[in-house]
Amino acid sequence: MTTITQTSLLGDKVVRRIGFGAMQLAGPWVFGPPKDPDAARAVLRRAVELGVNHIDTSQAYGPDVVNELIAEVLYPYPDGLVIATKVGGSRDEEGGWIRASRPEQLRATVEQDLRSLRLERIDLVNMRFGVGGAEPDTVPLAEQLGALTDLRDEGKLDLIGLSTVSADVVKTALEITPIAEVQNAYSIANRTDEPVVDLCRENDIAYVPYYPLGSAFTGGPQALAADPAIASVAAKHNVSASQIALAWLLAHYDRMLLIPGTSSVAHLEENLAVDGIRLDDDDLAALDRVTHLGAPSF
């Protein structure tokens, strides 16, 4: 397999458009150690060998498990590797997701990210909303972004992003600080976030879709394979339905950056092979007619 070649901008950083989301390297339900630590290490090594230079992680994955694996396998980090993390949530002793969005909690999470990743500065930190429940966060956005800008001023992080946000939140955030990326749920079969994609396009902000195939926990890839339009285009290119769904995302916006996750080297290579798929106008017209297949819950 050849290395990936398509690049775009993440803030001021040039990254390859297919990166790696490291969430699945933790144990079941993103808690505790992986069932096969050697397989997890092999995935990280192979990703970098094939040109991945954008890895998305979080202190909450494990917690700390995934960050420590990344550091164990890849430190000292290769030149140009961009590591992105997220703050705003934590885990309880049973693995439940809990909110951790107060300024002092955001700072503590970034400090722990730095320790577990063996970094002096994190390339990008996303402010993640909605962890621990759908009720509105009582901490003002300005205070949360203020904590991150303070950490940026101290040299502990470089770029600031947002995750699980509305267009209105993005607009408000842009009045406070530059935003390098938005990371929301979005896929060929769940386009409810199109207004945010359009806003990112207007402001040259990278858009990083999570659940780009729908959630594996809720049968997203199987739903894609069952869609006649996706299946037809996949057959034409002799690739899988999931690969077509990822290729559609790359064609949709030139600053769309993918971070599909997996704990399998074979699946990793399948995801990265999407770099070589070129959809023509007929393909895109057919895929644009795909109906909404449902949005997974977090």
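When reading the values below, keep in mind they use all heavy atoms of this one structure, side chains included, and skip hydrogens, waters and symmetry mates. On a predicted model such as this, the values are computed, not experimentally measured, just so you know. Counting from 1, the numbers follow the sequence of the chain as shown.
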Participant: Between CD of E111 and CG of L106, what distance do you get to the nearest 0.5 Å?
Facilitator: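 If we round to the nearest 0.5 Å, E111:CD and L106:CG are 12.0 Å apart.
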Participant: Do side-chain atoms of D113 reach the backbone of Q59 as a donor and acceptor pair under 3.5 angstrom?
Facilitator: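 Judged by distance alone, yes, a pair lies under 3.5 Å.
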Participant: Is it true that the side chains of T164 and R128 contain a donor and an acceptor less than 3.5 Å apart?
Facilitator: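 Side-chain D/A pair, T164 to R128: present.
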Participant: Could you see if V66 belongs to whatever hydrophobic cluster contains F31? Use Ile, Leu, Val, Met, Phe, Trp, Tyr and a side-chain cutoff under 4.5 Å.
Facilitator: no
Participant: Sub-3.5 Å donor-acceptor pair from the side chain of R118 to the main-chain atoms of Y75, do we have one?
Facilitator: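 Not at all, since once roles are kept as given, no pair shorter than 3.5 Å links the two residues.
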Participant: CD of E49: more than 12 outside heavy atoms within 6.0 angstrom?
Facilitator: yes
Participant: Mind running side-chain contact (heavy atoms from CB on, under 4.5 Å) on H54 and R16 for me, showing each step along the way?
Facilitator: CA-CA 7 Å; H54 172 207; R16 295 185 176 92; over 6 Å; no
Participant: Hydrophobic clusters here meaning ILVMFWY residues chained together by side-chain heavy-atom distances under 4.5 Å, can you tell me if L249 and Y253 are in one?
Facilitator: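 Hydrophobic grouping puts L249 with Y253.
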Participant: To check you understand the geometry: which heavy-atom pair defines the closest contact between P34 and L69, and what is its length?
Facilitator: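 What the structure gives for the nearest pair is CG-CD1, 4.0 Å.
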Participant: Would the distance check show the side chain of R91 and the main-chain N or O of V30 forming a donor-acceptor pair, the cut-off being under 3.5 Å?
Facilitator: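 Flag set: sc R91 to bb V30 pair under 3.5 Å.
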Participant: May I ask whether I259 and I18 are part of the same hydrophobic cluster, defined by side-chain heavy atoms of I, L, V, M, F, W, Y residues being less than 4.5 angstrom apart, directly or through others?
Facilitator: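 Not linked; separate clusters.
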Participant: For the residue pair I176 and A142, what are the closest heavy atoms and their distance?
Facilitator: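 The pair with the smallest heavy-atom distance is CD1-CA, 3.8 Å.
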Participant: Tell me whether the count of non-hydrogen atoms from other residues, nucleotides or ligands lying under 6.0 Å of CG in N238 goes above 12.
Facilitator: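 12 or below, so no.
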Participant: State, yes or no, whether a side-chain contact exists between I160 and V125 at a heavy-atom distance under 4.5 Å.
Facilitator: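 Heavy-atom side-chain distance check fails, nothing below 4.5 Å.
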Participant: How far does CD of Q24 sit from CG of L268, to the nearest 0.5 angstrom?
Facilitator: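 Going from the CD atom of Q24 to the CG atom of L268 covers 11.0 Å.
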Participant: Can you tell me how far CD of E143 sits from OG1 of T138, rounded to the nearest 0.5 angstrom?
Facilitator: 9.5 Å
Participant: Nearest 0.5 Å, please: how far is CG in L213 from CD1 in I188?
Facilitator: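 If we round to the nearest 0.5 Å, I188:CD1 and L213:CG are 10.0 Å apart.
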Participant: Does the side chain of W97 reach to within under 4.5 Å of the side chain of D92, using non-hydrogen atoms?
Facilitator: no
Participant: Among L50, V274, N53, D275, find the residue that satisfies the side-chain contact (heavy atoms from CB on, under 4.5 Å) test when tested with I4.
Facilitator: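 Among L50, V274, N53, D275, the one meeting side-chain contact (heavy atoms from CB on, under 4.5 Å) with I4 is D275.
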Participant: Are any side-chain N or O atoms of T149 and backbone N or O atoms of G146, one a donor and one an acceptor, separated by less than 3.5 Å?
Facilitator: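 Answer holds: yes.
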Participant: Is the side chain of T109 donor-acceptor paired with the backbone N or O of V87 at a distance under 3.5 Å, no angle test?
Facilitator: no
Participant: Could you go through the side-chain contact (heavy atoms from CB on, under 4.5 Å) check for L257 and S8 one step at a time?
Facilitator: CA-CA 8 Å; L257 304 176; S8 188; 3.8 Å; yes
Participant: Where the side chain of D280 meets the backbone of D283, is there a donor-acceptor pair that is under 3.5 Å apart?
Facilitator: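 Judged by distance alone, yes, a pair lies under 3.5 Å.
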Participant: Nearest heavy-atom pair of S163 and Y210: which atoms, and what distance?
Facilitator: OG-CE2, 3.9 Å
Participant: Walk me through it: do L250 and L279 pass the test side-chain contact (heavy atoms from CB on, under 4.5 Å)?
Facilitator: CA-CA 10 Å; L250 291 178; L279 301 175; over 6 Å; no
Participant: Walk me through whether D123 and L159 qualify under side-chain contact (heavy atoms from CB on, under 4.5 Å).
Facilitator: CA-CA 6 Å; D123 294 301; L159 303 173; 6.0 Å; no
Participant: With a sphere of 6.0 Å drawn around NZ of K236, does it hold more than 12 non-hydrogen atoms of other residues, nucleotides or ligands?
Facilitator: yes
Participant: Quick one: do E194 and Y186 satisfy side-chain hydrogen bond (donor to acceptor under 3.5 Å, both in side chains)? Show the steps, please.
Facilitator: CA-CA 8 Å; E194 199 71 48; Y186 182 77; 2.6 Å; yes
Participant: Checking the side chain of E68 only, and the main-chain atoms of V65 only, is there a donor and an acceptor separated by less than 3.5 Å?
Facilitator: no
Participant: Any idea which heavy atoms bring V48 and P78 closest together, and the distance?
Facilitator: CG1-CG, 4.1 Å
Participant: Sequence neighbours excluded, which residues qualify as side-chain contact (heavy atoms from CB on, under 4.5 Å) partners of R289?
Facilitator: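 Expected list: A285, A286.
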Participant: So does R201 get a backbone contact from the side chain of R255, meaning a donor-acceptor N/O pair under 3.5 Å?
Facilitator: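 The answer is no, because no donor-acceptor pair under 3.5 Å joins these two groups.
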Participant: What are the two closest heavy atoms between A241 and A225, and how far apart are they?
Facilitator: CB-CA, 3.6 Å
Participant: Does D56 reach the side chain of V208, with side-chain heavy atoms less than 4.5 Å apart?
Facilitator: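 No; the side chains remain at least 4.5 Å from each other.
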Participant: Scan D64, I83, I55, L74 and name whichever one has a side-chain contact (heavy atoms from CB on, under 4.5 Å) with L117.
Facilitator: I83
Participant: Do you reckon L124 sits in the same ILVMFWY cluster as Y207, going by side-chain contacts under 4.5 Å, direct or chained?
Facilitator: no
Participant: Within the 4.5 Å heavy-atom criterion, are L246 and N271 side-chain neighbours or not?
Facilitator: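 Touching, per the 4.5 Å side-chain cut-off.
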Participant: Passes salt bridge (Lys or Arg N to Asp or Glu O under 4.0 Å), E154 versus R107? Steps please.
Facilitator: CA-CA 11 Å; E154 295 167 21; R107 174 175 287 275; 2.7 Å; yes
Participant: For the CG atom of D193 and the CG atom of N184, what is their distance to the nearest 0.5 Å?
Facilitator: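 Here the rounded value is 4.0 Å.
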Participant: Quick one: does any side-chain atom of N126 pair with a main-chain N or O of L162 as donor and acceptor, under 3.5 Å?
Facilitator: yes
Participant: Just by distance, do the side chain of K13 and the backbone of V82 share a donor-acceptor pair under 3.5 Å?
Facilitator: no
Participant: List the atom of R152, the atom of P178, and the distance in Å for their closest heavy-atom pair.
Facilitator: NH1-CD, 4.3 Å
Participant: Would you mind listing every ring-ring contact (aromatic ring centres under 6.0 Å, His included) that reaches into residues 223-250, with sequence neighbours excluded?
Facilitator: W248-H252
Participant: Check for me, please, whether L258 and V290 land in the same ILVMFWY cluster - side-chain distances under 4.5 Å, paths through other members count.
Facilitator: yes
Participant: S90 and R99: side-chain hydrogen bond (donor to acceptor under 3.5 Å, both in side chains), yes or no, with the steps?
Facilitator: CA-CA 6 Å; S90 186; R99 186 163 292 170; over 6 Å; no
Participant: So L141 and F129, do their side chains get closer than 4.5 Å, heavy atoms only?
Facilitator: yes
Participant: Please determine whether the number of non-hydrogen atoms from other residues, nucleotides or ligands lying under 6.0 Å from atom CG of D153 exceeds 12.
Facilitator: yes
Participant: Any non-hydrogen side-chain atom of L114 less than 4.5 Å from a side-chain atom of L157?
Facilitator: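 L114 vs L157: side chains apart.
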Participant: Among residues at least two apart in sequence or on other chains, which ones pass salt bridge (Lys or Arg N to Asp or Glu O under 4.0 Å) with E175?
Facilitator: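 Salt bridge (Lys or Arg N to Asp or Glu O under 4.0 Å) check on E175 returns nothing, list empty.
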Participant: Report yes if some heavy atom in the side chain of S240 is under 4.5 Å from a heavy atom in the side chain of E270; otherwise report no.
Facilitator: yes
Participant: Atom CZ in R41, atom CG in D36: separation rounded to 0.5 Å?
Facilitator: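 So the CZ of R41 and the CG of D36 are separated by 9.0 Å.
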Participant: Just so I know, are the side chains of D137 and Q144 near enough to count as touching, which here means a heavy-atom distance under 4.5 Å?
Facilitator: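 The answer is yes, as the side chains (C-beta and beyond) meet within the 4.5 Å cut-off.
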